[in-house]
Amino acid sequence: MDIQEVWRVQGKKADFEELGKIFGITPITARVIRNRNHCTMEEYNEYLRGDIRNMNSPFLLKDMDKAVSIIYDAVVSEKRIRVIGDYDIDGVCSGYILTDLLKTIGANVDFDVPERVKDGYGVNERLIKQSFDDGVQMIITCDNGIAAEIPVEYAKSLGMEVIITDHHEVPFIDQGEKRSYILPKADAVVNPKQEDCGYPFKDLCGAGVALKLVIALLDYIKKQNDGKEGGRLKAEQGEERLKKYYVFAAIATVGDIVDLTGENRILVRYGLENIKKTDNYGLQALIAVNHLEEKEITSYHIGFILGPCINAGGRLETARLAFRLFMAETPAIAAELAAELKDINELRKNMTTEFTEKAVKLIEDSVELQEDRVLVLYLNQCHESLAGIIAGRLREKYNKPVFVLTDSADGVKGSGRSIEGYHMFDNLVMTNATVRCLSKFGGHSMAAGLSLPKENIELFRKTLNENCNLTEEMMARKVWIDVALPFEHISQRLIDELKLLEPFGKGNEKPVFADKIAAINRLQVRGKNKNVIMMNVTNTNGTPMEAVLFETEEEFRQGLLEKYTENQIDGLFQGYNNNVQLSVIYYPEINEYNGLKNIRVVIKRYLC
């Protein structure tokens with residue numbers, strides 16, 4: 001299945017020379033920041049110098065004042081409180097933040113989480129009934145609950161207080177041109193995505209919302225104590241732990257793949273600066289078991305190393321493992337739990353590879369699936385917890401929205417991952433309004449989860465595609481280049497400045513540049529798996545540069561065959577004179593080897 005790829009250079013305008021002078025950066029760096037949709041001086045200043053102390057007041061969130069008052073009264077009156085999180089990294093981290101803070105100020109609190117296979121996503125009637133049987137008088141949700149209209153109604157009928165903290169889209173019913181939003185009738189609902197919530201930044205993850213609740217609660221306690229130490233609840237002890245909570249909110253923000261813009265970017269930058277200083281035994285053990293003690297931990301390490309370990313327990317066993325890791329009271333317990341999570345993650349990786357390959361074969365063997373603009377794949381033997389990961393990999397490979405469905409106890413469950421231009425949650429709403437084929441669903445623009453009867457799979461697939469608004473142009477893979485930058489403009493200063501733009505992630509992607517290679521002068525295949533191609537190249541202006549491409553020899557050969565003959569490619573790999581030329585998208589870096597440093601470019605994409 002061929003995917004059209006279109007390279008485009010960002011064309012946003014500004015006075016980059018003047019911006020460079022004002023902020024002490026090169027015009028190239030100023031252009032990159034503009035490409036991240038920052039226009040005004042204030043936006044540039046926040047991007048480069050944003051400080052954790054300047055974040056918005058948590059009391060701007062709708063129902064925040066109500067939530068902290070109710071929680072305060074519950075703690076003072078020694079009511080039994082249960083925090084109910086979710087089984088992913090965001091649900092675990094937000095659950096840890098809330099539970100640990102409440103324990104610190106003296107609350108009678110514990111934590112629970114749905115079982116992925118038995119319960120599915122979010123708080124449900126079983127968890128409510130179990131809480132009631134355990135004598136729980138208040139439930140606080142985190143990273144879930146906004147769609148729990150019926151479970152919340154059940155909890156209220158049992159006399160329990162319910163506080164919802166969430167960040168997911170509010171369910172709605174389309175009524176012509178107007179939407180009617182459906183909110184659970186909880187005692188307080190804290191979610192910036194509520195239509196009438198005045199909080200200026202809407203893209204916090206669940207742990208970001210939990211962090212805001214913690215900050216607000218500590219502030220409320222201090223006011224109740226009238227500024228005096230030794231009040232009824234110990235706000236001072238909670239204040240001492242806030243830095244730790246910022247770290248966990250940062251981990252969740254990266255792991256939940258929300259946009260790293262505005263407050264999220266400030267939060268993650270602050271969290272990464274402090275992650276190695278943590279005194280949390282669990283996080284220390286997780287860093288150690290992944291051999292990151294001597295490394296500078298970046299958003300990459302959270303997204304691809306630490307985060308998957310935190311998620312692994314909730315995927316294949318229980319998210320309580322990760323929660324217990326972060327609540328561990330001794331280094332020995334933490335080390336044991338961290339090792340267990342790493343082993344589970346290794347198993348998860350092997351299973352993911354196996355079923356991704358099966359999914360690709362299904363697509364490649366089906367003309368009908370290849371023609372679909374929205375892919376719906378049923379992998380009946382796949383563990384349901386892997387559906388989202390596999391959907392993400394297929395989305396990357398085919399650049400189409402993808403739903404991966406697997407068997408569950410009561411039918412079929414699935415996860416979806418989308419592309420720009422296709423709002424996944426809205427399309428599920430529209431599909432279900434058309435044919436009522438889904439049992440349950442939720443999500444947002446780029447991801448969703450759903451349940452449906454097995455006999456409805458084909459109806460679901462056909463209805464999605466019949467109502468799909470994606471055009472060929474929208475499905476073309478658009479590769480955005482920040483600056484067309486010949487190699488001679490790369491400098492140590494520029495590379496140092498690009499570090500100011502970190503952390504990188506969704507919404508603040510790592511910048512990339514483009515140039516044309518006129519000649520590949522030398523080429524070597526290296527690496528344990530023979531997947532590192534080292535080159536000495538010269539661009540069309542005659543500037544030499546060292547370049548590295550992380551591909552296997554076979555992959556590189558296949559790419560070159562689009563234009564060059566096998567004899568030409570053989571000559572390239574054997575060191576003979578060749579006429580191979582490439583247009584490349586790259587990122588510059590400093591390479592250090594045997595104590596020597598040199599500038600090189602990492603080739604991200606190439607065209608013949």
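Numbers here are sequence positions counted from 1.
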Closest approach of [X] to [Y] (non-hydrogen atoms, all atoms of both residues):
| X | Y | result |
| --- | --- | --- |
| Ile81 | Ala74 | CD1-CB, 4.2 Å |
| Ile221 | Ile105 | CD1-CD1, 3.8 Å |
| Ile302 | Ile251 | CG2-O, 3.6 Å |
| Asn56 | Leu60 | CB-CD1, 4.1 Å |
| Met424 | Gly416 | SD-C, 3.3 Å |
| Leu183 | Gln194 | CD1-OE1, 3.6 Å |

Exercise for the section: Using a strict 4.0 Å threshold on nitrogen-to-oxygen distance, state whether Asp112 and Arg320 make a salt bridge. Expected result: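 Arg320 and Asp112: salt-bridged.
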Handout entry: Ion pair Lys103/Asp100, N-O distance below 4.0 Å
Key = no
Handout entry: Worked check of side chain to side chain donor-acceptor pair (under 3.5 Å) between Tyr87 and Asp119
Key = CA-CA 11 Å; Tyr87 41 64; Asp119 295 314; over 6 Å; no
Practice task
Walk me through it: do Leu213 and Ile71 pass the test side chain to side chain contact (heavy atoms under 4.5 Å, CB included)?
Solution key: CA-CA 10 Å; Leu213 178 60; Ile71 293 170; 4.0 Å; yes
Practice task
For the pair Asn144 and His168, evaluate side chain to side chain donor-acceptor pair (under 3.5 Å) and give the outcome as yes or no after the intermediate values.
Solution key: CA-CA 7 Å; Asn144 76 95; His168 291 96; over 6 Å; no
Counting C-beta onward and ignoring hydrogens, is there a side-chain heavy-atom pair between [X] and [Y] closer than 4.5 Å?
| X | Y | answer |
| --- | --- | --- |
| Arg241 | Leu101 | no |
| Asn264 | Cys205 | no |
| His383 | Arg348 | no |
| Lys244 | Val247 | no |
| Tyr246 | Ile215 | yes |
| Phe201 | Pro192 | no |
| Asp407 | Glu384 | no |
| Tyr300 | Ile305 | yes |

Handout entry: Charged tip of Lys499 within 45° of Tyr587 ring normal and under 6.0 Å
Key =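 Verdict for Tyr587: no cation-pi partner in Lys499.
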Handout entry: CZ-CD distance between Arg393 and Glu357, expressed to the nearest 0.5 angstrom
Key =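 Answer for the CZ-CD pair, Arg393 versus Glu357, is 9.5 Å.
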Practice task
Only counting residues at least two apart or in another chain, list the ones meeting side chain to side chain contact (heavy atoms under 4.5 Å, CB included) with Lys212.
Solution key: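 Listed in chain order: Met55, Pro58, Leu61, Met64, Tyr199, Leu204, Glu263.
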Practice task
Could you tell me how the ring of Phe248 sits relative to the ring of Tyr96: parallel (under 30°), tilted (30 to 60°) or perpendicular (over 60°)?
Solution key: tilted
Handout entry: Worked verdict on Arg82 versus Asp134 for side chain to side chain contact (heavy atoms under 4.5 Å, CB included)
Key = CA-CA 10 Å; Arg82 177 161 292 169; Asp134 292 341; 3.0 Å; yes
Handout entry: Residue among Tyr47, Tyr270, Phe504 satisfying side-chain contact (heavy atoms from CB on, under 4.5 Å) with Arg265
Key = Tyr47
